[in-house]
Each structure stands twice: as structure tokens, then as C-alpha cells.
Amino acid sequence: MSHPMFTYDAELANEILEFCRRRLALAPVPLDFGSLQSTDMQGLRALISSTGTPGADVLAFFEAEIAPAVVSADSPQFLAFIPNAPTKASLLFDMVVACSGLNGTSWLESAGAVRAENEALRFLAERAGLPERAGGVFVSGGTMGNLSALTVGRDVGRQRRSHVAPHELRFAVSSDAHSSVAAALHILGISALIVPTDDHRLTAAHLEAALASDPHRETVIGVIATCGTTNAGIIDDLEGVGTLCRQRNLWFHVDGAYGGGALFSRRHEETLRGLRHADSFIVDPHKWLFAPLDCAALLYRDPELARTVHTQHAGYLDILHHAASEAWNPSDYAIHLSRRPRGLSFWFSLATYGVTHYETAVTAAIDTAHAAAALIRSSEHLELIREPELSVVLFRRIGWTSADYDQWALQLLRDQVAFVAPSTWEGESVARLAFLHPDTTLDLVAEIIESMNF
Ligand SMILES: *Cc1c(COP(=O)(O)O)cnc(C)c1O
């Protein structure tokens, strides 16, 4: 007899799988209410007890009380922040990963799973134009990807500039870089050379000018470029900045957490060509590559550099490094040890649907952004702030204050029309729509725009 917690309960399995079937079959996924849901969660406290509550009852509570109090990031009406729109196959396979109890820490434990994850990474590296030897690991998100990559960049920079005191080393970065970059530099004890730009886009000329006018330019060890800023979808001059980094022996990190999805947009091929210069690159499958949370791909041009920096050493882990010469331990390439092979859901979905479907889904969001921009331009009460480069649209409602935008956003959620979140642009409150789900309709966009006409 197994311990009760390890005994298969066919009835509970059916209940759970039925719930998953219902959730997966929702077409479209409703937005739901998030914090607007009035629930006092009566009974939540009592569920955890010494004798336990029947699983079916806990599940019923989840379905009735907890699930509706969460805005569904995978709804086509979710246009705030950067949405998360996992494909049906990726969600299903996430269940397979969970039920298989997979541990993606090392080659010794799960060579098969690691091999499949690495195949997905290899595919992304190839699209980015990185050399054959490139490789890395799936981590929890862009924040962890940036931190892990910049740790390697810092250590390489320390060696290259051994005459500079470690606390004086800097990365050059534009002021439009993601907040996680500032967080990473803070943790690493590295300060930033903020490169001024005239149009929020970091170019080789801006970088060159900033370096030329800085008396301490020899303290700069690398550059962080953004492939698709989160707020406005702006792609830095990757080719120019990357080339300059090569010439000056600077670490070139590209943050493509969101905009890296444009690897699947043919019209961005030229713009993204500079990715091939990257020493490290991140793209979040949980953003624009339609995978479930939480999943970021972290790639290094020379994985060996990362392995030297990130491998954890301990007596009980030695066997992982003795096991086989071809051993690829995902734990050696970022700040983590135990990990779920989270890249498998992305891998399964990509294999199942094929590249063309990814291309049409990514392109659909870009097309929707352009169509939204056209609608905004033709609305008298609105002003487009800039032509969208990817799938984010920034615009203003003439005469509105920050409070007006907030109230509008909450009303749209209350009415279950859409979830939008205002943003700030050059100090001013503005409206922002982030498109990602290929099923977001132009009718919805028109309805949102109409709702600002009061
Ligand atoms: C979202 C985002 C991040 C952070 O990624 P998380 O997965 O949320 O940790 C970093 N950089 C950019 C450009 C992003 O859009």
C-alpha cells in the first residue's frame, strides 16, 4: 500500500482533467475581473486543515472563487503590459511536463529533456544568426536572463580591464532599457553610462558620441541594447551598436524579452540582423512566442564563458561534471540550480504547429498594431505618439489627465471589454495597447477607441 498522498485517485484525476478540458475549450478565453472581483474568499482559511479537504471540493473552490479573481492574460482582450498568450498545445504539454515529474537540472538526470530544450534554443540561436556553438538555457524570465547574462559580461569585462578597479566598471545603456537591466546592474555592483538618444533609439553614433565625451570611457566593458522596448516597441540599432562592440572589444548584450518575437516576422529580418553580433541575447517565449509562464530563453555566443561563471561546485554535485564529456548541464548557464525543463512546452508547441504558424501569429499582432494606429490617426480626440515598430501602440487622448486614463482603464475592465494599462511617455500619461494574441479583433480595437470619446 502506497502512502495516501502517492496513491492514484482516478476520480480526482478525472475532475482535474475535466476542468482543464473546460478551460482549454473556452473560445475565446474570457477576460475575468482580477481584483475587481468582489470575493471575500469565505472558506479559504478552512481548506488547509490537519485532515485535509477532498480534492474535488478544493478544486470547486478554485473554480468558483479563485479563477475569476484573476485577469486572464491569455484572453485576446488582454492588452495591458505584455500579455501572455500560450498556445493550446503548449498548455497541454505543460501538463505532460508536470505529470512526468521532470527535473531539468543536469544532463545526468534528464539528458532527453535537456536535448529537446537545447533543440529549441538552437532553433532560436540560428534565427538570430548566432554561430553554431551558441547555446544557453531556459530561465524563469527576462529579469533572470538579463542578470545571468550581465554577470558573465561583467566577469569577462573584469578580465579584459584588469587595470580598472572592479567597482568602477560600467555598462553603456540607453534610458529606454527595461527596469530589470537597472536591477541587474544594481545587484552586480556596476553602474551605467546612460547614453543620450534623440528618439529613444540607441544607435552606434549615440554610443560613439557618449564614449568619446566620457573621460572614463575605459571603464565601459559592455553595451546593453534593446530589441523592442517594452513601452513602445523600439528596436535599437543592433547592427551598428553590435559592430562597434566588436571593434572595441565590448560585451554586447541584447535584451529581446518582448521584441525577440520579431524573429518570426519577415519584415523585421533586416532590423534584427545585428543580433548576430550578440555575446548574449534573451527572448521570452512566455511573451511573444506564445508559451506558458514562466519561460525565457538565454543564449550565449560562447557558452563556455557562462559555464565558467555560473557552475556551482559542491561535493555532492561533482558527479554531474564527471558523468560524460558531452554533458550539458542547464544549471551551469544561469543563476539557478534545480529547475523545471520549462522550455519543453515551447519546444512541443513549435514542433507541433510549425514555424509558419508562429510567423502568421506574430505578424497578426503587428498588423493589428498598424491598423490600430490608422484608427487613432483618424480619430479627432486622439493623437498617435509614434508609428508602431512592433505591436505596441502609444497614443494620447487630448485633454485627459492621468486619473482619466486610470478611470477609463478600470471601466473597460469592469465592462469586460478589455484590460488596458496606461503608461508614461516623456513624463506624460498616455494610453497604450500591447497586441500579442492573434485573435484580438479590429472590432475590439475600434470599441476601445470609441470608449475614449467622452
Ligand atoms: C518583460 C521584459 C523584461 C523582463 O522580463 P520578465 O520575463 O518579466 O522577467 C526585460 N526586458 C524587456 C525588454 C521586457 O519587455
Side-chain angles (χ1 to χ4, degrees), residues 71 73-74 78-86 90 124 128 136-151 153 171 173-188 192 197 200-202 222-238 241 252-263 265 268 271-272 274-275 278 280-299 334-336 339-340 342-343 345-346 362 365-366 369 388-394 421 423-425 432-436:
V71 181
D74 55 339
F78 191 114
L79 307 176
F81 318 121
I82 299 289
N84 164 243
S90 71
L124 293 173
V137 61
F138 288 100
V139 294
S140 61
T143 299
M144 188 45 82
N146 281 335
L147 177 59
S148 297
L150 294 175
T151 306
F171 272 101
V173 57
S174 107
S175 50
D176 287 66
H178 189 263
S179 49
S180 60
V181 167
L185 295 183
H186 171 70
I187 293 168
L188 293 172
T197 57
H200 300 269
R201 181 168 180 267
L202 179 68
V223 180
I224 300 155
T226 309
C227 176
T229 58
T230 321
N231 203 19
I234 298 164
I235 301 171
D236 288 340
D237 169 22
L238 303 176
V241 173
F252 182 42
H253 175 68
V254 181
D255 177 359
Y258 151 59
L263 283 170
S265 161
H268 289 85
T271 325
L272 266 58
L275 278 178
S280 51
F281 167 59
I282 64 154
V283 51
D284 281 6
H286 73 213
K287 285 181 174 170
W288 209 5
L289 297 180
F290 313 110
L293 291 159
D294 46 6
C295 185
L298 162 61
L299 286 163
I335 303 163
H336 58 193
R339 63 180 288 278
R340 185 173 191 266
R342 53 170 66 82
S345 308
F346 168 62
V362 166
I366 297 169
E389 192 170 346
L390 290 173
S391 65
V392 198
V393 186
L394 287 176
S423 186
T424 304
W425 181 254
R432 176 177 176 278
L433 302 175
F435 299 107
L436 196 148

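No hydrogens, no waters, no symmetry mates; every other heavy atom, side chains included, goes into these values. In each ligand, atom 1 is the first atom listed, and ligand 1 is the first ligand listed. All of these numbers come straight from a predicted model, not from anything done at the bench.
Heavy-atom distances between M144 and ligand 1 stay at or above 4.0 Å for every pair. Heavy-atom distances between D284 and ligand 1 reach below 4.0 Å in at least one pair. Not a single heavy atom of A296 sits less than 4.0 Å from an atom of ligand 1.
Close approach of ligand 1 to A257 is summarised as follows: ligand atoms under 4.0 Å from at least one heavy atom of the residue are 2 (C), 3 (C), 10 (C), 11 (N), 12 (C), 14 (C). Residue T230 has at least one heavy-atom neighbour below 4.0 Å for each of these atoms of ligand 1: 12 (C), 13 (C), 14 (C), 15 (O). Close approach of ligand 1 to K287 is summarised as follows: ligand atoms under 4.0 Å from at least one heavy atom of the residue are 1 (C), 2 (C), 3 (C), 4 (C), 5 (O), 14 (C), 15 (O). Every atom of ligand 1 is numbered from 1 in the order shown, and the set under 4.0 Å from a heavy atom of D255 is 10 (C), 11 (N), 12 (C), 13 (C). Every atom of ligand 1 with a heavy atom of Y258 under 4.0 Å away is listed here by number and element: 15 (O). Each of the following atoms of ligand 1 lies closer than 4.0 Å to a heavy atom of S180: 10 (C). Atoms of ligand 1 lying under 4.0 Å from at least one heavy atom of G141, given by number and element, are 7 (O), 9 (O).
You'll find the side chain of I235 reaches within 4.5 Å of the side chain of L272, heavy atoms only. Counting only heavy atoms from C-beta outward, the side chains of D284 and Y258 never approach each other to under 4.5 Å. You'll find the side chain of F138 reaches within 4.5 Å of the side chain of P285, heavy atoms only. Counting heavy atoms from C-beta outward, H268 and I366 have side chains that approach closer than 4.5 Å. Between V393 and F435, the closest side-chain pair of non-hydrogen atoms falls below 4.5 Å. Counting heavy atoms from C-beta outward, W288 and S391 have side chains that approach closer than 4.5 Å.
At a cut-off of 3.5 Å, with distance as the only test, a side-chain donor of H253 or N146 sits close to an acceptor on the other residue. Inspection of the D255 and T226 side chains reveals no N or O donor paired with an N or O acceptor under 3.5 Å.
If you check which protein heavy atom lies closest to atom 6 (P) of ligand 1, you get G142 N, 3.2 Å. Here the heavy atom of the protein found nearest to atom 4 (C) of ligand 1 is H178 CE1, 3.4 Å.
Here H286 has side-chain heavy atoms under 4.0 Å from ligand 1, and that is the only part of it that gets that close. Residue contacts with ligand 1 for T143 involve both N, CA, C or O and side-chain atoms from C-beta outward (heavy atoms, distance under 4.0 Å).
Without hydrogens or angle criteria, S148 side chain to M144 main chain gives a donor-acceptor distance under 3.5 Å.
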